Amino acid sequence: PHSLINRMDAKGLVDKGQKDGSVMFRCAVSSTGEIQKTWTYRGTPESELLAQELLKCLTQTVFIPAIFNHQPVSAFFYGTVVFSIAEGKPRLRIFANQETAEVAKENNFVSPQPFVGPGSNFAGMHYPDESKVPVAVEATVDLALKIDAEGNLKEMNVVGEDPPLLGFGRAAEDDFGKARFIPAFRDGKPVSCSITLPVYYEP
């Protein structure tokens with residue numbers, strides 16, 4: 001009853017006028033399962049009510065923590081919330097990935113999670129040197145990653161950077177190039193995968 005999917009008020013969203021929509025989110029989750037910070041982004045048009053409901057419910061939600069080598073670790077969790085109205089009734093789905101094709105097919109796929117703790121040199125995200133960023137801005141970097149079934153990063157490329165030429169792509173490569181991941185899971189089994197990871201920087 002305290003899970004995120006059960007906290008969200010689907011009927012209330014209908015009453016407020018929310019139409020079909022989706023929102024991506026990222027949570028920094030501690031090794032005890034508490035959510036330390038949450039970001040929402042890339043919502044479809046007119047998905048503001050859905051994003052507000054998601055953020056409100058995430059402040060009250062505790063996750064089962066990520067586990068690596070039988071130990072709970074702090075991790076980034078990436079997800080997508082999809083809301084629709086079918087035959088006059090609300091339909092709410094939460095997916096543990098942000099891959100458009102996986103979400104569209106409603107596959108049982110959990111994307112890799114970068115974690116902080118023994119076995120990983122990931123230390124979170126670091127805004128570029130302020131002397132190289134003349135005006136404090138928010139930025140987005142899309143990283144194409146190949147990760148094996150043990151959570152090892154095998155390949156990484158910057159495939160998008162906005163704004164460009166301010167060092168955010170390099171910062172993302174530095175931050176995530178040191179990461180170890182909880183591997184992807186498909187139908188409950190660890191698998192290798194190729195994903196595009198959105199990385200957001202804020203001053």
Side-chain angles (χ1 to χ4, degrees), residues 3-14 17-29 35 38-55 57-58 61 63-68 75-115 140-160 162 172 176 179-200:
S3 65
L4 178 60
I5 188 73
N6 290 325
R7 287 184 184 275
M8 294 188 68
D9 184 1
K11 182 180 181 305
L13 286 168
V14 173
Q18 178 65 58
K19 307 300 183 185
D20 291 5
S22 65
V23 177
M24 293 182 179
F25 68 99
R26 182 184 84 207
C27 296
V29 183
I35 296 176
T38 301
W39 300 261
T40 60
Y41 44 87
R42 293 188 176 168
T44 56
E46 300 183 8
S47 61
E48 292 81 9
L49 291 170
L50 181 60
Q52 291 169 10
E53 178 70 11
L54 171 63
L55 284 171
C57 294
L58 280 170
T61 300
F63 282 15
I64 296 171
I67 303 293
F68 184 79
F76 278 155
F77 177 84
Y78 291 82
T80 305
V81 176
V82 179
F83 179 83
S84 61
I85 300 174
E87 298 179 358
K89 296 181 180 179
R91 185 172 189 265
L92 184 67
R93 294 288 183 270
I94 301 177
F95 299 95
N97 74 82
Q98 297 180 345
E99 303 303 303
T100 303
E102 300 283 356
V103 171
K105 294 178 182 178
E106 299 193 354
N107 290 335
N108 183 1
F109 175 70
V110 179
S111 64
Q113 301 172 46
F115 72 90
T140 307
V141 178
D142 287 320
L143 290 178
L145 306 177
K146 289 186 179 180
I147 300 164
D148 69 17
E150 285 74 47
N152 300 300
L153 178 62
K154 308 304 285 186
E155 188 176 324
M156 175 174 61
N157 294 293
V158 174
V159 293
D162 182 35
F176 286 86
R180 185 80 180 271
F181 292 78
I182 309 296
F185 280 76
R186 187 177 297 282
D187 298 323
K189 296 179 181 179
V191 293
S192 60
C193 71
S194 296
I195 63 166
T196 301
L197 191 73
V199 182
Y200 285 80

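Note that the structure is a prediction, hence the values are computed from the model and not measured.
The closest side-chain heavy-atom distance from Arg42 to Thr140 is below 4.5 Å. Counting only heavy atoms from C-beta outward, the side chains of Cys27 and Leu58 approach each other to under 4.5 Å. Counting heavy atoms from C-beta outward, Thr61 and Arg7 have side chains that approach closer than 4.5 Å. Within the 4.5 Å cutoff, no side-chain heavy atoms of Gln113 are placed close to those of Phe181. Contact check for Ile195 versus Gln98: no side-chain heavy atoms found under the 4.5 Å cut-off. At least one side-chain heavy atom of Val81 sits less than 4.5 Å from a side-chain heavy atom of Met8. For the pair Leu92 and Val82, the minimum side-chain heavy-atom distance is 4.5 Å or more. Taking 4.5 Å as the limit, every side-chain heavy atom of Phe25 sits out of range of all side-chain heavy atoms of Thr80.
The two residues Pro112 and Cys193 make their nearest non-hydrogen contact at CG-SG, 3.5 Å. The two residues Gly188 and Asn108 make their nearest non-hydrogen contact at N-ND2, 4.4 Å. The two residues Leu49 and Gly17 have their closest heavy-atom pair at CD1-C, 4.3 Å. Here the closest heavy-atom approach between residue Pro183 and residue Gly151 is recorded as CB-N, 3.8 Å.
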Practice task
Kindly indicate, with the supporting measurements, whether the criterion side chain to side chain contact (heavy atoms under 4.5 Å, CB included) is fulfilled by Arg91 and Phe83.
Solution key: CA-CA 6 Å; Arg91 185 172 189 265; Phe83 179 83; over 6 Å; no

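Every salt bridge (Lys or Arg N to Asp or Glu O under 4.0 Å) that Lys11 has, sequence neighbours left out, goes to Asp15.
One distance of note links OG of Ser22 with CG of Leu54; it measures 11.5 Å at 0.5 Å rounding. In this structure, the separation between CD1 on Ile182 and OG on Ser111 is 11.5 Å, given to the nearest 0.5 Å. Note: Leu143 CG to Leu197 CG = 6.0 Å, rounded to the nearest 0.5 Å. For the atom pair CD1 of Ile5 and CZ of Arg93, the computed distance is 7.0 Å after rounding to the nearest 0.5 Å. Between Thr44 atom OG1 and Leu50 atom CG the span is 7.5 Å, to the nearest 0.5 Å. With values rounded to the nearest 0.5 angstrom, Ser47 atom OG is found 11.0 Å from Leu13 atom CG.
Asn107 and Glu102 share a donor-acceptor pair across their side chains, judged by distance under 3.5 Å alone. At a cut-off of 3.5 Å, with distance as the only test, no side-chain donor of Tyr78 or Glu99 sits close to an acceptor on the other residue. Counting only N and O atoms by type, the side chains of Asn152 and Arg180 include a donor and acceptor under 3.5 Å apart.
Classified by interplanar angle (parallel below 30°, tilted 30° to 60°, perpendicular above 60°), the ring pair Trp39/Phe76 is perpendicular. The aromatic rings of Phe63 and Phe77 stand perpendicular to each other, their planes meeting at an angle above 60°, with 30° marking the opposite boundary.
Aromatic ring centroids of Tyr200 and Tyr41 lie under 6.0 Å apart.
Partner of Asp142 under the side-chain contact (heavy atoms from CB on, under 4.5 Å) criterion, chosen from Asn157, Thr196, Val158, Val199: Thr196.
Listed for the Gln18 side chain is a donor-acceptor partner under 3.5 Å among the backbone atoms of Glu46.
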